[in-house]
Amino acid sequence: MSIQQLETDYLIIGSGAVGMAFADVLLTETDANIIIVDKHHKPGGHWNDAYSFVTLHQPSSFYGVSSRELCGGMIDKIGLNKGLSELASGAEVMAYFDKVMKHTFLPSGRVKCFPMCEYKGDGKFSSLLSDISYEVKVNKKIIDGTYFKTSVPATHTPNFEIAEGVKFEPLNNLPSLTKPRDGYVIIGGGKTGIDAVLWLLENQIDPDHITWIMPRDAWLIDRKNTQPSRDFFTHTIGAQATQAEAIAEAENIEDLFNRLEKGGVLMRLDPNVRPKMFHGATISSEELKQLRRVKNIVRKGRVTRLDTDKIYFGEDTLLPRPTPCISTALHGQYQ
């Protein structure tokens with residue numbers, strides 16, 4: 001095994017959004033040298049593993065590093081985000097971080113990047129493709145850019161049993177399906193589950209052929225209130241004022257969310273079902289209309305086992321449609 005000795009001011013673990021943003025500030029505001037280590041072959045973190053139809057769920061202008069804009073200032077003219085600021089696709093985000101690395105970081109001469117490498121701790125990392133290992137003398141600080149690491153369905157091991165013969169697919173495989181199915185079961189009520197359901201609907205799947213397993217309903221942010229342009233000043237600043245008033249006047253947590261919903265800051269899928277979680281998922285009113293077309297929503301808690309003819313929730317069971325395609329949206333992406 002070959003061991004190479006390196007020296008740097010900052011060693012950054014992970015070239016996802018956090019690691020890239022931190023390196024960008026260091027490069028702009030200091031004269032420090034930086035080494036970046038990541039398991040992926042390209043910068044972008046979990047975007048390397050994202051499903052092909054993923055997009056940001058808030059305007060592109062809010063995402064990325066300080067020195068280079070991701071957003072082109074466009075307003076969507078069609079689709080469920082029509083009239084609102086564009087949402088970068090996963091491919092666009094990947095291309096963006098690649099440009100930041102190639103056009104800003106590496107040409108500076110102060111940043112070295114080691115993709116396809118695994119960090120071992122204590123300033124040591126090794127290549128995933130060869131027998132080369134590295135030991136780094138870090139003069140200032142080691143930065144763990146993976147601290148808030150997102151687990152996505154393609155790389156996450158489901159926390160329930162899956163019987164042999166179950167047609168179970170990670171979300172990434174949906175666009176690869178080439179034959180009609182008798183039904184589709186989506187597991188997960190977060191932003192990734194929302195993306196899965198919307199993708200099926202946009203591809204002309206009858207909403208009655210979709211079963212949506214929702215362990216918990218979520219409060220949803222109205223994307224109209226997160227727009228960066230002056231045209232939405234009243235909505236954006238108004239929503240912030242509503243939040244401040246709600247926080248000041250609410251008697252308890254339940255009252256706070258009631259006020260935020262009444263003020264148009266938050267929305268819910270079903271007016272008759274009170275959400276039990278808030279993870280910051282952001283959707284448009286048009287997306288909400290589409291989601292409400294799905295009536296087969298199962299609220300029995302978390303799945304414990306998938307059989308070919310049954311889905312188990314503890315002692316309870318659900319009999320789904322024959323030979324459905326089951327896709328997990330648990331532990332989805334938060335952009």
Side-chain angles (χ1 to χ4, degrees), residues 51 53-60 62-63 75-90 153 171 174 184-229 231-232 234-240 242-243 246 254 256-299 327 329-330 332-335:
Y51 43 99
F53 52 93
V54 69
T55 68
L56 292 173
H57 61 116
Q58 292 199 13
S60 300
F62 295 146
Y63 197 76
I75 300 295
D76 283 340
K77 304 296 184 183
I78 60 172
L80 300 180
N81 193 56
K82 181 179 179 180
L84 302 178
S85 296
E86 64 178 333
L87 308 173
S89 67
L171 203 62
L174 286 180
Y184 298 84
V185 179
I186 301 299
I187 302 176
K191 181 61 173 67
T192 309
I194 289 173
D195 285 351
V197 173
L198 290 175
W199 185 88
L200 291 172
L201 293 173
E202 288 173 346
N203 283 277
Q204 310 306 314
I205 300 301
D206 188 328
D208 289 339
H209 291 175
I210 300 172
T211 298
W212 192 358
I213 296 177
M214 191 171 300
R216 294 182 297 170
D217 281 64
W219 289 106
L220 307 169
I221 299 174
D222 188 342
R223 191 178 297 130
K224 179 177 61 178
N225 297 327
T226 66
Q227 302 299 299
S229 67
D231 293 339
F232 290 87
T234 301
H235 295 289
T236 302
I237 302 303
Q240 293 183 23
T242 298
Q243 290 180 61
E254 182 175 354
L256 171 62
F257 279 86
N258 288 340
R259 292 172 182 271
L260 292 175
E261 181 181 29
K262 185 177 180 180
V265 176
L266 299 179
M267 304 185 293
R268 66 172 95 180
L269 179 62
D270 188 332
N272 298 315
V273 178
R274 187 171 184 83
K276 295 182 179 180
M277 67 176 180
F278 175 58
H279 288 170
T282 306
I283 66 172
S284 69
S285 58
E286 291 302 313
E287 288 172 333
L288 184 59
K289 289 180 183 178
Q290 289 298 309
L291 294 173
R292 286 175 172 169
R293 294 173 61 204
V294 178
K295 304 302 182 183
N296 302 322
I297 299 180
V298 180
R299 296 180 170 94
S327 178
L330 296 173
Q333 296 164 170
Y334 303 96
Q335 298 90 25

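When every heavy atom of Ile205 is checked against every heavy atom of Leu201, the shortest pair comes out as O-CD2, 3.8 Å. For the residue pair Lys191 and Ala281, the shortest heavy atom distance occurs at CB-CB, 4.1 Å. For the residue pair Ala218 and Gly189, the shortest heavy atom distance occurs at CB-O, 4.5 Å. In plain terms, the two heavy atoms of Phe53 and Leu174 that are nearest each other are CZ-CD1, 4.2 Å. Of all the heavy atoms in Asp270 and Arg268, the pair that sits closest is O-CD, 2.9 Å. A pairwise comparison of heavy atoms in Phe257 and Arg274 identifies CB-NH2, 3.9 Å as the closest pair.
Using a 4.5 Å cut-off on side-chain heavy atoms (C-beta onward), Leu260 and Gln243 make contact. In this structure, the side chains of Asn296 and Ile210 stay at 4.5 Å or more apart for every pair of heavy atoms. For the pair Thr226/Pro59, a side-chain contact is recorded, criterion being any heavy-atom separation below 4.5 Å from C-beta on. Met277 has its side chain out of reach of Pro215: every pair of non-hydrogen atoms, C-beta onward, lies at least 4.5 Å apart. Side-chain contact between His57 and Ile194: absent, with no pair of heavy atoms (C-beta onward) separated by less than 4.5 Å. In this structure, Ile213 and Ile186 have side chains that are not in contact, with every pair of non-hydrogen atoms separated by 4.5 Å or more. Between Leu269 and Met214, the closest side-chain pair of non-hydrogen atoms falls below 4.5 Å. Using a 4.5 Å heavy-atom threshold, the side chains of Leu80 and Ile283 count as separate.
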- Begin with the C-alpha distance, continue with both residues' side-chain angles, and end with the deciding distance and a verdict on side chain to side chain contact (heavy atoms under 4.5 Å, CB included) for Leu200 and Trp212. CA-CA 11 Å; Leu200 291 172; Trp212 192 358; over 6 Å; no
- Message: Please evaluate residues Arg259 and Lys262 with respect to the criterion side chain to side chain contact (heavy atoms under 4.5 Å, CB included), reporting the C-alpha separation (whole Å), side-chain torsions for both, the decisive distance (0.1 Å), and the verdict.
- Response: CA-CA 5 Å; Arg259 292 172 182 271; Lys262 185 177 180 180; 5.6 Å; no
- Task: I would like to know whether Leu171 and Val54 meet side chain to side chain contact (heavy atoms under 4.5 Å, CB included); could you show each step before the answer?
- Result: CA-CA 10 Å; Leu171 203 62; Val54 69; over 6 Å; no
- Evaluation steps, side chain to side chain contact (heavy atoms under 4.5 Å, CB included), between His279 and Arg216: CA-CA 11 Å; His279 288 170; Arg216 294 182 297 170; 4.0 Å; yes
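Taking CD from Glu202 and CD from Glu287, the interatomic distance works out to 8.0 Å, rounded to the nearest 0.5 Å. The line from CG of Asn225 to CD1 of Ile237 is 10.5 Å long, rounded to the nearest 0.5 Å. Summarising the geometry, atom NE2 belonging to His235 is positioned 8.5 Å from atom CG belonging to Asp222; distances are rounded to the nearest 0.5 Å. Expressed to the nearest 0.5 Å, how far OG of Ser285 lies from CE of Met267 amounts to 6.5 Å. Atom OG1 of Thr282 sits about 8.5 Å away from atom CG of Leu220, to the nearest 0.5 Å. Note: Phe232 CZ to Lys224 NZ = 8.5 Å, rounded to the nearest 0.5 Å.
The backbone N or O of Ser85 sits less than 3.5 Å from a side-chain atom of Asn81, completing a donor-acceptor pair.
Counted by atom type alone, Glu86 and Ser60 present zero donor-acceptor pairs between their side chains at under 3.5 Å. For Gln227 and Thr236, the side-chain atoms include no donor-acceptor pair closer than 3.5 Å.
A side chain to side chain contact (heavy atoms under 4.5 Å, CB included) with Pro207 is found for exactly one of Arg293, Gln290, Arg292, namely Arg293.
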